[in-house]
Amino acid sequence: MTDEHHHRAPSAAADTGPRLAPLPEDRWDPSTRELLSPIPRDADGQVAHVFTTLVRHPDLFRYFLPFGSHLLRDGRLPARTRELLILRTACNTRAGYEWGRHVPLARTAGVTDEEIRRVGAGPDAPGWTPADATLLRAADELHRDARLSAATWSALATDHDEAQLIEVTMLVGQYHMVAFFLNSAGTRLEPGFETETLPTPTTTGSDATEGAQGDA
């Protein structure tokens, strides 16, 4: 067992701060300011930590932002579908930052508070429509198996076209990638977002490691 694993095991371990801190605005050079300029600021006037941290790799950021923004703002999936897939992915990857930032977006997209709480219970929890259960099952299969089963693909294909089927897989993959970055960098939620508690998911065939809010 490594020292890092030893210190991460208790979720209540002392908070030592993020491994990569967001880049303060007073340190933005003109190029950084240009990269961050398209991003809407939060109500407090700040840019979300995910962006001000990732911008420390400006070349990657330049290509990441259009792809992520397209999936989030201009994709072909309905907003409610998109947010259910993202929330279940955040649950599966123990990405507290991803969860905290997307719960408000899910509410705006029409996901109820009861449904948000139920996301952690997975696709077999009572109360889901067959279509919603299929979405959560798709997120679980991609997380566990890196592919959709024939049954899930067929179920999705009943009400999604080819482009939307592609987007389901790419969306879940995108938010896995973002979760890997956020969890590894230790990105902290901004004030006003940290009140949303990441639920413990039902098993998806892989160990669901404990993730403290601060570790996501």
Side-chain angles (χ1 to χ4, degrees), residues 50 63-183 193 196-211 216:
V50 58
Y63 292 98
F64 163 83
L65 188 62
F67 179 70
S69 297
H70 179 83
L71 286 172
L72 185 62
R73 306 295 180 194
D74 301 312
R76 298 195 183 188
L77 294 173
R80 187 176 184 280
T81 295
R82 179 193 70 225
E83 294 304 321
L84 282 174
L85 288 166
I86 293 172
L87 288 182
R88 184 60 179 171
T89 298
C91 228
N92 285 334
T93 57
R94 313 309 298 138
Y97 186 97
E98 201 164 87
W99 177 269
R101 293 292 309 198
H102 277 271
V103 164
L105 296 177
R107 290 191 179 114
T108 299
V111 184
T112 68
D113 285 345
E114 179 185 353
E115 289 170 331
I116 289 168
R117 288 190 293 270
R118 200 191 307 146
V119 166
D124 297 322
W128 293 119
T129 65
D132 286 348
T134 297
L135 291 174
L136 269 63
R137 189 166 292 110
D140 285 1
E141 289 178 357
L142 290 167
H143 176 71
R144 183 186 64 228
D145 303 325
R147 67 179 297 171
L148 294 173
S149 68
T152 298
W153 179 274
S154 178
L156 286 171
T158 62
D159 50 12
H160 295 84
D161 62 25
E162 289 179 350
Q164 290 175 319
L165 289 169
I166 292 170
E167 197 164 309
V168 166
T169 64
M170 298 295 282
L171 178 77
V172 173
Q174 154 79 354
Y175 281 91
H176 271 79
M177 179 177 68
V178 173
F180 297 160
F181 160 65
L182 293 167
N183 290 348
F193 291 91
E196 303 297 343
T197 303
L198 180 68
T200 301
T202 56
T203 179
T204 58
S206 60
D207 293 334
T209 57
E210 184 70 20

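The basis for the numbers below is simple: all heavy atoms, side chains too, and nothing from hydrogens, waters or symmetry mates.
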Any side-chain heavy-atom pair from [X] and [Y] closer than 4.5 angstrom?
X      : Y      : value
Arg94  : Thr200 : yes
Val178 : Glu98  : yes
Ile116 : Trp99  : yes
Thr93  : His143 : yes
Val119 : Trp128 : yes
Arg80  : Leu135 : no
Arg137 : Asp124 : yes
Leu84  : His102 : no

Counting only heavy atoms not in Met177, do more than 12 sit closer than 6.0 Å to its CE atom?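 Count over threshold, so yes.
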- CZ/Arg147: more than 12 non-hydrogen atoms of other groups inside 6.0 Å: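 No, the 6.0 Å shell around CZ holds no more than 12 heavy atoms from other groups.
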Any sub-3.5 Å donor-acceptor pair from [X]'s side-chain atoms to [Y]'s backbone N or O?
X      : Y      : result
Glu141 : Ser149 : yes
Arg76  : Ala163 : no
Thr158 : Ala155 : yes
Thr134 : Pro130 : yes
Arg82  : Leu72  : yes

Look up atom [atom1] in [X] and atom [atom2] in [Y], then write down how far apart they are to the nearest 0.5 Å.
X      : Y      : atom1 : atom2 : value
Leu85  : Asp132 : CG    : CG    : 9.5 Å
Leu136 : Arg88  : CG    : CZ    : 5.5 Å
His70  : Glu167 : NE2   : CD    : 6.0 Å
Leu142 : Thr169 : CG    : OG1   : 6.5 Å

Walk me through whether Leu77 and His160 qualify under side chain to side chain contact (heavy atoms under 4.5 Å, CB included). CA-CA 8 Å; Leu77 294 173; His160 295 84; 3.9 Å; yes
Minimum heavy-atom distance between [X] and [Y], given as atom pair plus value:
X      : Y      : result
Leu148 : Thr152 : CD2-CG2, 4.1 Å
Ala139 : Asn92  : O-ND2, 3.9 Å
Gln174 : Gly68  : NE2-CA, 3.5 Å
Val168 : Ala138 : CG1-CB, 4.5 Å
Asp140 : Pro123 : OD2-CD, 3.4 Å
Gln164 : Pro78  : NE2-CD, 4.1 Å

